[in-house]
Structure formats: structure tokens, C-alpha cells
Amino acid sequence: MKRTSIPQSFPHKQRRLSAALATLTLAATSTLVLLLCLQPASAQAPDRHVSLADVQQTPEKLIPAAARKSAPDFTLIDAHGQPITLSRYKGKVVLLDFWATWCGGCKLEIPWYMEFDRQYKSQGLAVIGVSMDAEGWKKVRPFLAQKKDEETGGNTAMQYPVVIGSDSLAKQFGLRSMPLTLLIDRNGKIAVSHTGVVDKDNFQNLIRQLLQQPAA
């Protein structure tokens, strides 16, 4: 009886199939990483530990007064149900902080901004926090309550107003990633717009400079 010869190409095909699957898996993983890196600032993202090594080392400088642009106005409701209108802060220096509960760099900066608020409020500084959490107050209120319990034993840690931002507001202020901190002068014009973790000492110095500049 004539025996039928079985082709011996199966192992070779199996190797080719395995290689193809590995290539597809690598491509899918790369695409996922790229999407995570490009997610909008308002999207939920994994928290990341941020150290002082992440702080930008190049000192920030104030935009010359003649080149400053007016800050876009907005009215938003804070955690206590009170309306916060940015234009009503003219005459003060405003530290406007775009942050989120999942942003490690933001949480590194918040205690600094609380300190600035306490130290310079009487001199004309006003701090406003704009949360970009996609879930809004559902996510932000527990965060504020946690800070209240753990850090102050009953007194609200963030004494300055906190509001919930939107994609349209983020676009107006040029927000692409967080944290984003702006310093607005007494005339309502943007003197600093800093993306990333600020250098605390440098930023404090900028606040002092702006506080010394009178309103026009």
C-alpha cells in the first residue's frame, strides 16, 4: 500500500503564526501606552508618585506687563455653593490652580498653595483651585473631606475656593496637561502660566513681585 506523505511544514507555519501574534501584541501594547500618554487633562488617569526631582529647574519669569493678556472670565460654584467669578478678583493677585485628585504633581503642590494662601492673603493674594476631575464633586468632595480629617483634625484644610472646571474652560486657559498654575496680576492679566510642578521658592518669589505691583 502506498503511504501518503504528510507535509512537514506545520512546525514552520506554527512559528510564523507565533511571530505574527507577538508582533500584533507588541503593536497593541504600544498603541495603549500612546493613548494613555495622550489622554486629555480632564480624563481620569492613574495616580503617579511625583518627587521634587520632577520640578522644573528653569526659574519661571513674569511676563512683562505690556505683553500680558487678560485672563478669561468665568463664574463657577464652589464647594460651599457660592459663585466664584474671576473678574471680581481684580485688585488682587490670583493664583489659579488647575488640578485633579488623580494627579500626583497636583497633590504635591496643594500644601504649598495652602501655605501661600495663609501667608499672603492679607497682602492681596487670592487662591482658587479648579478641579478637572471627570466625576466632578462626586470625586472631589471625598478628597476634601479626607484632607479635613487627616490634616487638620476638623478644620477645612483648603481654605481657598475650589470649583469644578470644564473642557471649554480648560481650552480657554490652554490646559493640555496638569498641574497647570497661573498667576494673574491685580489688573486681571496673566503674568505666569506654568505647566508641571512649580519650583516652590521661585513661585513664591513671583507672588511677592506681583503683590508689590499696584493695579493700573
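- Residue Arg208 holds its CZ atom at 15.0 Å from CD of Gln213, rounded to the nearest 0.5 Å.
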Please lay out, stage by stage, how Glu60 and Leu206 fare under the test side chain to side chain contact (heavy atoms under 4.5 Å, CB included).
-> CA-CA 8 Å; Glu60 193 76 68; Leu206 296 177; 3.8 Å; yes
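- In this structure, Lys69 and Ile190 have side chains that are not in contact, with every pair of non-hydrogen atoms separated by 4.5 Å or more.
- Of all non-hydrogen atoms in Met178 and Ala100, the two that sit nearest each other are CE-CB, 3.9 Å.
- Between Phe173 and Phe98, the two ring planes are tilted [angle within 30° to 60°].
- Between Ala79 and Arg141 the shortest heavy-atom distance is O-NH1, 3.1 Å.
- Taking the side chain as every heavy atom from C-beta outward, Leu210 and Leu62 approach each other to under 4.5 Å.
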Quick one: do Val192 and Phe203 satisfy side chain to side chain contact (heavy atoms under 4.5 Å, CB included)? Show the steps, please.
-> CA-CA 9 Å; Val192 172; Phe203 225 66; 3.8 Å; yes
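- The nearest pair of heavy atoms linking Val198 to Trp112 is O-CZ3, 3.3 Å.
- Taking the six-membered ring for Trp and the full ring otherwise, Tyr113 and Tyr160 have centroids separated by 6.0 Å or more.
- The shortest non-hydrogen separation linking Gly105 to Pro179 is C-CG, 4.1 Å.
- Contact annotation: the side chain of Ile84 approaches that of Ile128 to within less than 4.5 Å [non-hydrogen atoms, C-beta and beyond].
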Kindly indicate, with the supporting measurements, whether the criterion side chain to side chain contact (heavy atoms under 4.5 Å, CB included) is fulfilled by Ile164 and Asp133.
-> CA-CA 8 Å; Ile164 304 296; Asp133 282 271; 5.8 Å; no
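- Residues Trp99 and Phe143 bring their aromatic ring centres within 6.0 Å.
- Comment: Glu109 does not engage Lys200 in a salt bridge, judged by the lack of any side-chain N to carboxylate O separation of less than 4.0 angstrom.
- Residues Val163 and Ser131 are not in side-chain contact: their nearest non-hydrogen atoms beyond the backbone lie 4.5 Å or more apart.
- Taking both residues in full, the closest heavy atoms of Gly165 and Leu169 are given as CA-CD2, 4.1 Å, listed atom of the first, atom of the second, then distance.
- Side chain of Asp78 to main chain of Pro161: no donor-acceptor pair is present (N/O by atom type, distance under 3.5 Å, no hydrogens or angles).
- Between Met158 and Leu144, some side-chain heavy-atom pair lies under the 4.5 Å cut-off.
- Side-chain contact between Val94 and Leu183 is absent, with no heavy-atom pair separated by less than 4.5 Å.
- Here side chain to side chain donor-acceptor pair (under 3.5 Å) pairs that include residues 86-98, with residues two or more places apart or in two chains, are Asp73-Ser87.
- Here the NZ atom belonging to Lys61 is positioned 12.0 Å from the CG atom belonging to Asn205, to the nearest 0.5 angstrom.
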What do the steps show when you test Leu86 against Ile184 for side chain to side chain contact (heavy atoms under 4.5 Å, CB included), and what is the final call?
-> CA-CA 10 Å; Leu86 183 60; Ile184 301 170; 4.1 Å; yes
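- A salt bridge (Lys or Arg N to Asp or Glu O under 4.0 Å) check over residues 178-196, counting only residues at least two apart or in different chains, returns the pairs Arg68-Asp185.
- Nearest approach of Ile77 to Pro83, heavy atoms of both residues: CD1-CA, 3.7 Å.
- The shortest side-chain heavy-atom distance between Leu125 and Ile207 falls under the 4.5 Å cut-off.
- In the hydrophobic cluster analysis, where Ile, Leu, Val, Met, Phe, Trp and Tyr join through side-chain heavy atoms closer than 4.5 angstrom, Leu211 is grouped apart from Ile63.
- Residues Gln119 and Gln204 meet the side-chain proximity criterion, which asks for heavy atoms closer than 4.5 Å.
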